[in-house]
2 protein chains.
Amino acid sequence: MKKDSRLSGVLHVLLHMAEQDGPLTSEALARVMGTNPVVIRRVLSGLRQKGYVRSEKGHGGGWTLACDLSRITLRDIYIALGSPGLLAMGNRTESPGCLVEVVVNAALSQAFQDAEALLLHRFGDVTLASLSADFHRRLVAVGKVRVK
Amino acid sequence: MKKDSRLSGVLHVLLHMAEQDGPLTSEALARVMGTNPVVIRRVLSGLRQKGYVRSEKGHGGGWTLACDLSRITLRDIYIALGSPGLLAMGNRTESPGCLVEVVVNAALSQAFQDAEALLLHRFGDVTLASLSADFHRRLVAVGKVRVK
DNA sequence: GATTATGTAACAATATATGTTGCATGAAAA
DNA sequence: TTTTCATGCAACATATATTGTTACATAATC
């Protein structure tokens, strides 16, 4: 299956919103990400429910950040997306009728769980503010002022 | 995407082969796994190329183990399957044209790489022999002699 | 009221794993 | 030698999930 890039995409969008004073429309964000406005609305809808972003209709509407970037981690964003599956592999069946499969499941499940835990832990360690800070650090390093 | 269960399945098959003296046909293995014989041939073909199993045609033919179980790890099997992708998530683009995306990619890629490395490391720590030993340990514990 | 924007449903496109059918090939048995 | 049994492999079908697109309703501003 194709790899899920929603987390990557939504982080991209959020950082762009952080650089903007006013609201950004789905269309503007879609242009930045090279995708469709509906895709933007789709991935941001989960974040809106959590109160991380706000959306306004009509003239001058669009999306704005509604949270303290230093209090939101990648893990929070990941959960707001619906906690999509992290691993591309899994056990053939979770209720094995055969002792051989019990053994195989046990060996693999432990590795799978540890890998997932590691990912979530890493996500929990990174705040949106730290990403934004990294961005500005690199911006200065390159000597540019404008974002793409 | 549906989760890849080839590693789980092929391990199941290999342990069954380890319990058998003579060769096992694709059809017999398919019955054990509740799948199609062609699927068995497909997943085992990579292992045959690596010399982990052998296949014989005609009467009395089928699949047999062709390696020392204590020298083959789950990682070897995983590689023989073609090293399928481990993670269900990825970066939206690997060649970002935007500094924001560079920052996002950097943050995510590190976590992704570490999770993959952890999985491969775990796989490398487990031999087929240890799985087989675990199976026999449990077999005794349950007081059974026959495998499913 | 016209314009601009989101909200959402429905559908198409894409990718991947998995399952299935059909036929060729080779080995053993009759 | 013919039949049977088994793998090898290509081709197609199925299922699932992400992503992209179209269409229309809804709400807010001009």
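Sequence lines set the chain letters: A, B, ... in the order given, protein chains first and strands last, and positions in each chain run from 1.
Across the protein-nucleic acid pair, A:M17 atom CE and C:dT6 atom P stand 11 Å apart, rounded to whole Å. Straight-line distance from the CG atom of B:L81 to the C1' atom of C:dT16: 15 Å, rounded to whole Å. With rounding to whole Å, B:L29 atom CG is found 12 Å from D:dA6 atom P. Between the CG atom of A:L7 and the P atom of D:dT18 there is a distance of 13 Å, rounded to whole Å. To the nearest angstrom, C1' of D:dT16 lies 18 Å from CE of A:M89. Rounded to an integer number of Å, the gap from B:L24 CG to D:dC5 C1' is 15 Å. One atom, CG of A:N91, and another, P of C:dT18, lie 12 Å apart when rounded to the nearest Å. Here the P atom of nucleotide D:dT16 and the NZ atom of B:K2 are 6 Å apart, to the nearest Å.
Between B:G85 and B:N36, the residue anchored nearer the 5' end of DNA chain C, judged by the nucleotide with its closest heavy atom, is B:G85. Of the residues near DNA chain D, A:D4 and B:S26, the one whose nearest nucleotide (by heavy atom distance) lies more toward the 5' end is B:S26. With DNA chain C read from its 5' end, the first of the two nearest nucleotides for A:W63 and B:R6 is the one closest to A:W63.
Applying the 4.5 Å side-chain rule to ILVMFWY residues, one finds that B:V38 remains a lone member of its cluster.
Looking at residues two or more places apart in sequence or on another chain, you find a side-chain contact (heavy atoms from CB on, under 4.5 Å) between B:V53 and B:L14, B:M17, B:L47, B:R48, B:W63, B:L65. Under the rule for a side chain to side chain donor-acceptor pair (under 3.5 Å), the partners of A:D114 that lie at least two apart in sequence or sit in another chain are A:Q110, B:R122. With sequence neighbours excluded, the residues that form a side-chain contact (heavy atoms from CB on, under 4.5 Å) with A:S130 are A:V126, A:T127. Judged as a side-chain contact (heavy atoms from CB on, under 4.5 Å), and not counting sequence neighbours, the contacts of A:E27 are A:T25, A:R31, A:P37. Shown here are the side-chain contact (heavy atoms from CB on, under 4.5 Å) partners of B:R137, two or more places apart in sequence or in another chain: B:A133, B:D134.
With hydrogens and angles ignored, the 3.5 Å screen pairs no side-chain donor or acceptor of A:N91 with any backbone N or O of A:T93.
An OP1 or OP2 oxygen of D:dT19 is reached within less than 4.0 angstrom by a side-chain nitrogen or oxygen of A:S5. In terms of phosphate contacts, B:T35 brings a side-chain nitrogen or oxygen within less than 4.0 Å of OP1 or OP2 of C:dG19.
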B:H121 vs B:E116, side-chain hydrogen bond (donor to acceptor under 3.5 Å, both in side chains): CA-CA, chis, key distance, verdict
CA-CA 8 Å; B:H121 194 268; B:E116 288 189 336; over 6 Å; no
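Residues in residues 55-66 of chain A take part in no salt bridge (charged side-chain N to carboxylate O under 4.0 Å, His left out) pair, two or more places apart or across chains. Evaluation of the salt bridge (charged side-chain N to carboxylate O under 4.0 Å, His left out) test over residues 63-84 of chain B, restricted to residues two or more places apart or in two chains, returns none.
Residues of residues 38-59 of chain B that place a heavy atom closer than 4.0 Å to DNA chain D, in numerical order, are B:V38, B:R41, B:R42, B:R48, B:S55, B:E56, B:K57, B:G58, B:H59. Non-hydrogen atoms lying under 4.0 Å from DNA chain D are contributed by nothing in residues 104-120 of chain A.
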Would you list the atom pairs, donor with acceptor, under 3.5 Å between side chains in residues 39-46 of chain B and any protein atom, with sequence neighbours excluded?
unit_1, atom_1, unit_2, atom_2, d
B:R41, NE, B:S26, OG, 3.3
B:S45, OG, B:R42, O, 3.0

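Rounded to the nearest 0.5 Å, atoms OH (B:Y78) and CG (B:L11) are 13.0 Å apart.
Rotation axes derived from the C1' atoms of the five outermost pairs at either end of the helix from C:dG1-D:dC30 to C:dA30-D:dT1 lie 10° apart, to the nearest 10°.
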